[in-house]
Amino acid sequence: MALSTQPVKGARDFYPEDMRLQKYIYAKWREVCERYGYEEYDAPILEPTELYLSKGNQEIINDQTYTFEDRGGRSMTLRTEMTPTVSRMIAGKRQELAYPARWYSIPQFWRYERMQRGRGREFYQLNADIFGIADLAADLEIIDMADAVMQAFGAKRETYAIKVNSRKLVDSFLTGNLGLDQTQADTARRLIDRMRKMDQPAFVAQLDAIISPSQRENGVGSRLLQFLETPTLNEIPEELLGNESVAELKLLLEKLGNNGVTNAQFDPTLMRGFDYYTDIAFEVFDTDPENNRSMFGGGRYDGLVSMFGVEPIPAVGFAMGDITLKLFLEAHGLMPALMPETDIYIVLIGEVADKAQAPIKQLREMGLNVAVDQTGRKPESQIKTAVKKGIGYVLFIGERELEESKFMLKNLHSKEEEAHSLERIVSIIKDYRKQ
RNA sequence: GUGUCCGUAGUUCAAUGGUAGAACGUCACCUUGUGGAGGUGAUCACGAGGGUUCGAUUCCCUUCGGACACCCCA
């Protein structure tokens with residue numbers, strides 16, 4: 001039986017045209033991160049399984065990771081997210097780093113999942129984190145940067161919304177104001193996370209199942225519902241007016257607005273998992289009703305670095321995946337027309353391969369990306385290859401050109417052609433690149 | 001893990017219980033220094049395995065792969 005030409009299930013091959021888009025995305029990601037002063041880092045794709053276990057969810061490890069034993073009997077896991085890894089790196093050099101540390105990375109991740117739209121088993125994510133700032137300023141910067149990434153791809157603010165919530169606020173409301181115990185609060189958070197996907201009666205029924213009869217008599221259920229339906233922070237229930245998280249959220253949204261990020265809004269149902277986030281959390285949604293999905297998000301995770309047995313370091317970060325981003329770009333007509341990297345395709349005419357080496361080399365030394373056909377086929381076929389590759393120019397090299405040191409350059413879009421010196425060719429191509 | 005749908009040339013599709021066609025593509029030639037048109041020719045497929053059957057690409061089962069939803073989403 002023949003070997004399969006397909007990539008492994010759930011993973012993608014990046015053919016050159018796919019890679020071109022990928023490079024475009026990475027370039028934008030890098031550009032924005034570096035504009036905010038973030039430095040790029042990377043780490044191994046393999047981590048010891050304990051790194052993920054210590055977060056406490058055995059089921060995730062068993063069912064949703066690529067985990068195996070290496071030849072030394074160690075349990076290894078292909079990384080499924082970057083936050084534990086970057087926290088490990090920060091913890092490892094905590095004494096010598098200059099804080100605040102602003103780091104970003106574009107790693108590949110593997111999750112053993114059932115595939116569906118916008119989710120494969122292999123994907124890339126931009127991860128950006130800031131360490132060492134406990135103040136709201138860090139949350140502001142991260143959300144502002146997440147927005148800047150969307151802007152860099154040409155997204156209009158009405159096409160996406162940034163929903164913001166505070167884990168601290170929700171926790172203090174559930175356990176403080178409503179008097180739920182920790183187990184109840186955890187269960188309630190999971191339920192709230194799904195609220196937008198359920199109908200109201202089903203939600204209320206499940207909520208009633210969580211709270212005790214005496215709590216129900218105290219109006220716990222209806223108070224929670226009232227909170228969850230808060231449209232804006234100005235309409236927050238009275239019992240939360242003094243909560244400092246409310247003031248922080250207000251300040252955050254106000255400052256975001258001042259930065260021009262006008263599409264950020266409070267959403268009390270936003271939970272964003274329930275693992276390591278400790279305070280502000282946010283998620284960016286596609287507002288298109290056809291694709292009204294959460295695209296990416298982030299938040300504050302002040303406790304994670306201390307998992308390595310060192311003093312905690314405050315941290316805020318976000319991550320956005322390449323697959324969901326591509327869906328967004330497609331849905332909103334933001335896919336760029338990408339040019340091939342090759343500037344010129346050399347068509348050799350006659351037996352001139354040897355003599356053509358010198359001018360070709362000169363073109364490359366002057367900074368052009370030059371591909372030579374090399375097949376010895378007739379010019380027609382060579383040109384067709386260049387057209388198919390999407391290359392902008394063809395340069396003919398035959399006896400005539402070599403004698404005159406002027407080479408016939410043909411623009412494949414305009415079909416115009418003219419003989420030029422190598423220097424002139426270089427300047428024409430460099431002008432073309434700028435378009 | 002559950003459910004629904006789907007697998008035919010490189011691609012997009014068709015037909016058929018009696019071993020498959022087209023379009024586009026690719027390659028060659030018409031046209032040995034010039035592409036997108038046209039002509040001629042060639043190339044290339046029933047995902048895999050098993051079952052029913054005289055005979056299966058077609059029906060059934062399994063498996064692999066794909067799409068979507070649920071679950072989950074770190």
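Computed from a predicted structure; not experimentally measured. Proteins come first, then strands; the chains are lettered A, B, ... in the order of their sequence lines, and each starts at number 1.
At the heavy-atom level, A:Lys197 lies under 4.0 Å from base atoms of the strands shown. Using a 4.0 Å heavy-atom distance criterion, A:Glu351 is classed as making no nucleic acid contact. Within 4.0 Å of A:Lys410, counting heavy atoms only, lies at least one base atom of the nucleic acid. Counting non-hydrogen atoms under 4.0 angstrom, A:Gly10 reaches the backbone sugars and phosphates but no base.
A cation-pi arrangement is present between A:Lys163 and A:Phe285, with the terminal nitrogen or guanidinium carbon under 6.0 Å from the aromatic centre and inside a 45° cone about the axis.
The base of B:U34 does not come close enough to the side chain of A:Gln382 for any donor and acceptor atom to sit less than 3.5 Å apart. Side-chain N/O atoms of A:Arg194 and base N/O atoms of B:C72 include no donor-acceptor pair closer than 3.5 Å.
Here, B:A45 and B:G21 have their C1' atoms 11 Å apart, quoted to the whole Å. B:C46 and B:G18 have their C1' atoms separated by 15 Å, with the value rounded to a whole Å. The gap from the P atom of B:C24 to that of B:U31 amounts to 23 Å, rounded to the nearest Å. For the C1' atoms, the distance from B:G35 to B:C73 is 49 Å, rounded to whole Å. Between the C1' atoms of B:U52 and B:U57, the separation comes to 16 Å (whole Å).
For A:Lys9, a side-chain nitrogen or oxygen approaches OP1 or OP2 of B:G66 to under 4.0 Å.
Taking every heavy atom of residues 373-380 of chain A and every atom of RNA chain B, pairs under 4.0 Å involve A:Arg377, A:Lys378, A:Pro379, A:Glu380, by number. Listed by residue number, A:Arg111, A:Glu113, A:Arg114, A:Met115, A:Gln116, A:Arg117 are the residues of residues 110-117 of chain A with a heavy-atom contact under 4.0 Å to RNA chain B. Across residues 335-343 of chain A, not one residue has a non-hydrogen atom less than 4.0 Å from an atom of RNA chain B.
Partners of A:Glu417 under the salt bridge (Lys or Arg N to Asp or Glu O under 4.0 Å) rule, at least two apart in sequence or in another chain, do not exist in this structure. For A:Lys384, the salt bridge (Lys or Arg N to Asp or Glu O under 4.0 Å) partners are A:Glu380, not counting sequence neighbours.
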Dot-bracket pairing map - RNA chain B, Watson-Crick plus G-U, both contacts under 3.5 Å, | cross-strand: (((((((..((((....[..))))((((((.......))))))...(((((..]....))))))))))))....
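Here B:G33 is the nucleotide among B:U34, B:G33, B:G35 with the atom lying nearest to any side-chain atom of A:Glu401.
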